[in-house]
Amino acid sequence: MRPARLSAGDTVALVAPSGPVPQDLLDAALPMLREWGVKVRIGAGVRASGQSYLSAPDQARAAEFTEAWLDPEVRCVLAARGGYGTQRMIDLVDWAALRAAGPKVLAGSSDVTALHRAVHTHLDLATLLSPMPASVLFDEDASEHLRRTLFEPDHARVLRAREPDVVVPGRALGVLVGGNLSLLASGVGTAEQGSARGGIVLLEDVTESPYRIDRMVTQLLRSGWLDGVRGIVLGSWAACGDPAEVRELLAERLSPLGVPVLSGFGFGHVAGSPTLPLGVSASLDTELGTVTLDSPALD
């Protein structure tokens, strides 16, 4: 299912399912969010001082997310930032209660990839792989594309690679899946593992050396997660070493799949990252450097 698009006056809930939220970055982004004409509800964990690398204890983070989703006024649950910790809270969420509450928009990226997988698995909902406000990467371009996807999704159906680099040429049709490579790899063997079968896979990561990228891609290959994939779109690999080495590695590991592979799309841990839906059918054209949604990301 595709959740409904937003309208002026709707409520967006900011949550912190992963790491502590840098308050200066959050405060800088709040005016941009409010310019959308929405009410912004800030969760307790977003303003918490955090405990080490977590914004709050697992139970508190799960409760914050659950309460935001169950609030009938909230139309979109937006992660303030990533970091680490989402996987630790997934089993503490009352998924039956969330399903009964009806569809809402989940937006976020990086560590939130695990939460995307959980929402797809337990609620059968499309979600948004989006930039997050409490980040130095949440600039005007990132904010505007997220806003357009939320409020005017009909005008955000064609997404173009920033620096298109064709690894394997071709066209593909499939459902967009994926997100952060390390979270997808660490999700293998869990209830939310899912599969890329019949899908166009989005992959990106940050601060991972080439051998670690190799290991995680190899895990997805050997586990069968990539069996039946129809196409692959590669985003940013910020601070992952020599870009040429990363590109060569990904080409070596992914080309044998025999499906179109497009690199240089420019989503993920990069300024101005576009918002891409997960769970929505799309077409990939490496010659044009585009991903075109069959229908708007939101209903």
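Nearest heavy-atom pair across Val46 and Ala16 is CG2-N, 3.8 Å. Across all non-hydrogen atoms, the minimal contact from Met132 to Ser135 is O-CB, 3.4 Å. Of all non-hydrogen atoms in Gly199 and Val229, the two that sit nearest each other are O-CG2, 3.4 Å. In this structure, Leu146 and Pro131 approach most closely via the heavy-atom pair CD2-O, 4.0 Å. In terms of heavy atoms, Ser55 sits closest to Gly45 at CB-O, 3.9 Å. Heavy atoms only, all atoms of each residue included: Val270 and Gly266 are closest at CG1-O, 3.4 Å.
Counting only heavy atoms from C-beta outward, the side chains of Arg117 and Thr190 never approach each other to under 4.5 Å. Within the 4.5 Å cutoff, the side chain of Val280 has heavy atoms near those of the Ser295 side chain. When side chains are defined from C-beta on, Val166 counts as touching Leu262, because their heavy atoms get closer than 4.5 Å. In this structure, Leu150 and Arg147 have side chains that are not in contact, with every pair of non-hydrogen atoms separated by 4.5 Å or more.
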All N/O donor-acceptor pairs, side-chain side in residues 90-108, below 3.5 Å, sequence neighbours left out:
| from | atom 1 | to | atom 2 | distance (Å) |
| --- | --- | --- | --- | --- |
| Asp94 | OD1 | Ala96 | N | 3.4 |
| Asp94 | OD1 | Ala97 | N | 3.1 |
| Trp95 | NE1 | Ile90 | O | 3.1 |
| Arg99 | NE | His122 | O | 3.2 |
| Arg99 | NH2 | His122 | O | 2.4 |
| Lys104 | NZ | Trp69 | O | 2.6 |
| Lys104 | NZ | Asp71 | O | 2.4 |
| Lys104 | NZ | Val74 | O | 3.0 |

Please set out all donor-acceptor pairs under 3.5 angstrom arising from side-chain atoms of residues 177-184, sequence neighbours excluded.
| from | atom 1 | to | atom 2 | distance (Å) |
| --- | --- | --- | --- | --- |
| Asn180 | OD1 | Ser182 | N | 3.3 |
| Asn180 | OD1 | Ser182 | OG | 2.5 |
| Asn180 | OD1 | Leu183 | N | 3.3 |
| Asn180 | ND2 | Glu204 | OE2 | 3.2 |
| Asn180 | ND2 | Asp205 | OD1 | 3.3 |
| Ser182 | OG | Asp205 | OD2 | 3.3 |

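Under a 3.5 Å cut-off, the side chain of Arg75 and the backbone N or O of Arg5 do form a donor-acceptor pair. Glu64 places no side-chain N or O within donor-acceptor distance of the main-chain N or O of Pro17, the cut-off being under 3.5 Å. The closest donor-acceptor contact from the side chain of Arg61 to the backbone of Gly85 lies under 3.5 Å. Side chain of Thr286 to main chain of Gly170: a donor-acceptor pair is present (N/O by atom type, distance under 3.5 Å, no hydrogens or angles). In this structure, the side chain of Ser109 engages the main chain of Ser130 through a donor-acceptor pair within 3.5 Å. Between the side chain of Arg162 and the backbone N or O of Gly272 there is at least one donor-acceptor pair closer than 3.5 Å.
Surrounding CZ of Arg47 are more than 12 heavy atoms belonging to other residues, nucleotides or ligands, all under 6.0 Å away. No more than 12 heavy atoms of other residues, nucleotides or ligands shown are found within 6.0 angstrom of CD on Glu248. In the displayed structure, Glu287 atom CD is contacted under 6.0 Å by at most 12 heavy atoms of other residues, nucleotides or ligands.
Residues passing the salt bridge (Lys or Arg N to Asp or Glu O under 4.0 Å) test with Asp299, sequence neighbours excluded: Arg2. The salt bridge (Lys or Arg N to Asp or Glu O under 4.0 Å) search around Arg215 returns none, not counting sequence neighbours. For Asp165, the side chain to side chain donor-acceptor pair (under 3.5 Å) criterion is met by Arg247, not counting sequence neighbours. Evaluation of the salt bridge (Lys or Arg N to Asp or Glu O under 4.0 Å) rule for Arg148 yields Glu144 as partners, not counting sequence neighbours. When the side chain to side chain donor-acceptor pair (under 3.5 Å) test is applied to Arg157, no partner is found at least two apart in sequence or on another chain.
Sorted by first and then second residue, the ring pair (Phe, Tyr, Trp, His ring centres under 6.0 Å) pairs involving residues 167-223 (not counting sequence neighbours) form an empty list. Residue pairs meeting the ring pair (Phe, Tyr, Trp, His ring centres under 6.0 Å) criterion with at least one member in residues 160-201, sequence neighbours excluded, do not occur. Every pair tested for ring pair (Phe, Tyr, Trp, His ring centres under 6.0 Å) that includes a residue from residues 137-193 fails, sequence neighbours excluded, so the list is empty. Pairs of residues two or more places apart, or lying in two chains, never qualify as ring pair (Phe, Tyr, Trp, His ring centres under 6.0 Å) while including a residue from residues 231-287.
The distance from the CG atom of Leu125 to the NE2 atom of His120 is 8.0 Å, given to the nearest 0.5 Å. Note: Cys240 SG to Glu245 CD = 11.0 Å, rounded to the nearest 0.5 Å. Within the model, atoms CD of Gln87 and CD of Glu192 stand 9.0 Å from one another, a figure rounded to the nearest 0.5 Å. Of the inter-residue distances, the one linking Leu128 atom CG with Leu276 atom CG reads 9.5 Å to the nearest 0.5 angstrom. With rounding to the nearest 0.5 angstrom, the CG atom of Asp214 is 9.0 Å from the CG atom of Leu250. Going from atom OG1 of Thr290 over to atom CG of Leu284 covers 7.0 Å, rounded to the nearest 0.5 Å.
Taking the charged nitrogens against the carboxylate oxygens, Arg41 and Glu73 do have a contact shorter than 4.0 Å, which makes a salt bridge.
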Would you check, one step at a time, whether the test side chain to side chain contact (heavy atoms under 4.5 Å, CB included) holds for Leu254 with Val167?
-> CA-CA 9 Å; Leu254 298 174; Val167 179; over 6 Å; no

Go through the steps to decide whether Leu176 and Leu129 satisfy the test side chain to side chain contact (heavy atoms under 4.5 Å, CB included), and finish with yes or no.
-> CA-CA 10 Å; Leu176 295 176; Leu129 188 70; over 6 Å; no

Please step through side chain to side chain contact (heavy atoms under 4.5 Å, CB included) for the pair Val261 and Ser255, ending with a clear verdict.
-> CA-CA 7 Å; Val261 180; Ser255 294; 5.7 Å; no

Val12/Asp10 under side chain to side chain contact (heavy atoms under 4.5 Å, CB included): CA gap, chis, key distance, verdict = CA-CA 7 Å; Val12 173; Asp10 285 343; 5.9 Å; no

List the steps and the verdict of side chain to side chain donor-acceptor pair (under 3.5 Å) for Arg81 and Ser18.
-> CA-CA 7 Å; Arg81 67 152 295 189; Ser18 306; over 6 Å; no

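Linking ILVMFWY side-chain heavy atoms closer than 4.5 Å, directly or via other members, places Leu123 and Val112 in a single hydrophobic cluster. Connection of Leu6 to Leu14 is established within a shared hydrophobic cluster, with ILVMFWY side chains joined at heavy-atom distances below 4.5 Å, either directly or through further cluster members. A continuous path of Ile, Leu, Val, Met, Phe, Trp and Tyr side chains, each step under 4.5 Å between heavy atoms, connects Leu220 with Leu249, placing both in one hydrophobic cluster. Tyr84 is not connected to Ile213 by any chain of hydrophobic side-chain contacts under 4.5 Å among Ile, Leu, Val, Met, Phe, Trp and Tyr, and they are in different clusters. Hydrophobic clustering keeps Val21 apart from Leu115 (ILVMFWY residues linked when any side-chain heavy atoms are closer than 4.5 Å, directly or through intermediates).
Through direct or indirect side-chain contacts shorter than 4.5 Å among Ile, Leu, Val, Met, Phe, Trp and Tyr, Val136 is connected to Leu25, Leu137.
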